[in-house]
Number of protein chains: 2
Amino acid sequence: MALRHAVLAALLDGDASGYELAKRFDVSVANFWSATPQQLYRELEQLERAELIQGRVVEQERRPNKRVFSLTAAGRAELHAFTTEQTRPPAMRDDLLVKLRALDVGDREALCEAMSARLELSEAKLARYDRLHEDLLDGRSEEEYAREAESIGVYLTLMGGRAYEQANVSWARAVLRVLELRGS
Amino acid sequence: MALRHAVLAALLDGDASGYELAKRFDVSVANFWSATPQQLYRELEQLERAELIQGRVVEQERRPNKRVFSLTAAGRAELHAFTTEQTRPPAMRDDLLVKLRALDVGDREALCEAMSARLELSEAKLARYDRLHEDLLDGRSEEEYAREAESIGVYLTLMGGRAYEQANVSWARAVLRVLELRGS
DNA sequence: CTGAGGTAGTCAACTAGTTGAATAGGTGCC
DNA sequence: GGCACCTATTCAACTAGTTGACTACCTCAG
């Protein structure tokens with residue numbers, strides 16, 4: 001039941017329709033969870049039945065109506081309860097790691113390309129996170145921000161995303177260096 | 001079909017029974033994939049039916065017999081093919097990130113504890129990876145190793161695991177610092 | 001000689017996540 | 001005026017992953 005809480009947490013950033021949530025999850029501020037639209041719509045239905053969120057139809061001109069959901073008090077309580085529950089260790093599932101482990105029987109060139117693609121992707125994400133970071137700080141120092149800001153949740157997950165992408169970038173560079181050393 | 005390939009890749013490290021594989025996945029050299037024993041036994045059966053691996057019963061004294069699996073030529077070919085396939089972006093699913101994002105409605109103390117637990121876990125993993133790293137290098141410099149070593153797959157995934165855990169550690173430290181700044 | 005814990009595996013039932021397509025109106029481009 | 005792409009949602013079918021219990025035999029400590 002973790003997607004459930006990821007959805008609730010995402011709604012802390014403001015009410016959203018399924019479609020909007022899907023984009024939030026996709027471009028996700030600090031890539032804190034991933035989910036397909038179908039999963040989200042299903043989860044939203046269940047959450048509404050459980051009265052942890054409440055939907056209302058918003059009529060729009062020039063585009064289809066949408067159902068916008070907001071957290072209920074029960075939803076907030078559920079989120080609070082979730083933060084006190086036991087945390088399970090994160091599950092790492094990265095195709096690239098598997099492929100690299102299979103390098104000895106694998107295709108070196110294909111792996112170089114895959115690795116470069118990862119590098120680019122992570123650099124792009126990192127750049128985005130860095131911009132968001134600047135926006136959040138808004139001129140203040142890290143410490144000022146940490147002390148003063150009203151809400152700190154987004155900031156801390158953003159730091160997580162940045163650390164993760166930085167790790168990806170330096171790892172990808174190291175791997176490419178090694179592959180070049182041995183290639184050719 | 002990614003667990004499938006993770007199992008095949010794990011068998012590159014040497015033949016193993018389901019039970020042994022489970023441990024390999026658990027203490028997994030560079031936490032490159034995670035899976036429960038039940039998943040493994042199921043997958044091994046399917047892989048054997050597909051003739052990508054071959055099992056044989058090894059009779060043991062003082063303990064139950066076991067079925068040890070080894071890669072077939074077809075299995076190696078399948079792994080090779082996998083390395084040329086398109087890589088999908090890694091899926092991040094970490095409860096802690098969700099909980100931190102919900103910090104504003106969550107329980108600050110519980111989160112501090114969860115964060116400390118993560119820090120310890122990551123430090124322990126990191127220490128283990130560092131030992132493995134030393135063992136692999138065996139006195140050689142990184143560059144010597146990268147040039148000379150026969151097999152480089154394990155090394156590269158190990159680097160990935162290390163980068164990931166280092167990111168975790170520095171992130172956890174930063175979060176705890178911030179939480180202390182604002183707490184009390 | 002009992003019970004905890006390791007080795008080795010199986011079965012059943014469940015929950016979570018993915019894929020692909022269908023519907024239906026809107027905008028903007030060339 | 002036709003085609004591609006965006007908003008917004010739903011349905012159906014599938015694959016992957018988790019949980020918990022159960023069998024069986026072994027070793028070792030107290």
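Quick note on labels: first sequence line is chain A, next is B, and so on, each numbered from 1.
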- Message: Expressed as a whole number of angstroms, how long is the span from Arg24(B):CZ to dA8(C):P?
- Response: 13 Å
- Lys/Arg N to Asp/Glu carboxylate O, Asp13(A) vs Arg24(A), below 4.0 Å: no
- Task: Please report, rounded to the nearest Å, how far the P atom of dA16(D) is from the CG atom of Asp95(A).
- Result: 12 Å
- Item | Rounded interatomic separation in angstrom, taking CG from Leu40(A) and P from dA8(D) | 15 Å
- Counting any heavy atom closer than 4.0 Å, what does Arg88(A) reach on the DNA or RNA strands: base, sugar-phosphate only, or nothing? sugar-phosphate
- Task: Please state whether the base of dT7(D) and the side chain of Arg67(A) form at least one donor-acceptor pair under 3.5 Å?
- Result: no
- Task: Check whether any side-chain N or O of Ser17(B) sits under 4.0 Å from OP1 or OP2 of dG9(C), and answer yes or no.
- Result: yes
- Task: Grab the CZ-C1' distance between Arg42(B) and dA16(D) for me, whole Å please.
- Result: 8 Å
- Task: Nearest whole angstrom, please: distance from the C1' of dT9(D) to the CG of Leu44(A).
- Result: 11 Å
- Message: We want to know whether Ser122(A) and Glu165(A) form a side-chain donor-acceptor pair, criterion being a heavy-atom distance below 3.5 angstrom.
- Response: yes
- Query: If you check the Lys66(B) side chain, which of dT18(D), dG17(C), dG9(C) turns out closest?
  - Reply: dG9(C)
- Message: Can you tell me if Tyr19(B) touches the phosphate of dT7(C), counting only side-chain N or O atoms and a distance under 4.0 Å to OP1 or OP2?
- Response: yes
- Task: Look at Asp94(B) together with Arg118(B) and state whether they make a salt bridge at an N to O cut-off of under 4.0 Å.
- Result: yes
- Message: Mind checking if Arg93(B) touches a base, just sugar-phosphate, or nothing, with heavy atoms under 4.0 Å?
- Response: sugar-phosphate
- Gln60(A) vs dA8(D): side-chain N/O to OP1/OP2 distance below 4.0 Å: yes
- Answer with base, sugar-phosphate or nothing: what part of the nucleic acid does Gln38(A) contact at a heavy-atom distance below 4.0 Å? base
- Item | Salt-bridge contact Glu20(A)-Lys66(A) (side-chain N to carboxylate O under 4.0 Å) | yes
- Query: Do the side-chain N or O atoms of Tyr41(B) get closer than 4.0 angstrom to the phosphate oxygens (OP1, OP2) of dG9(C)?
  - Reply: yes
- Taking atom C1' of dT18(D) as reference, at what distance in whole Å does atom CG of Leu3(A) sit? 15 Å
- Toward the 5' end of DNA chain C, which comes first, Glu43(A) or Pro64(A), by nearest nucleotide? Glu43(A)
- Task: Measure the distance from CD on Glu45(A) to C1' on dA12(D) and round it to the nearest whole Å.
- Result: 14 Å
- Query: dT10(C) P sits how many Å from Gln46(B) CD, rounded?
  - Reply: 13 Å
- The residue among Thr87(A), Thr84(A), Thr157(A) that forms side-chain hydrogen bond (donor to acceptor under 3.5 Å, both in side chains) with Lys99(B) is Thr87(A)
- Query: Are any of Lys23(A)'s side-chain N or O atoms less than 4.0 Å away from OP1 or OP2 of dC6(D)?
  - Reply: no
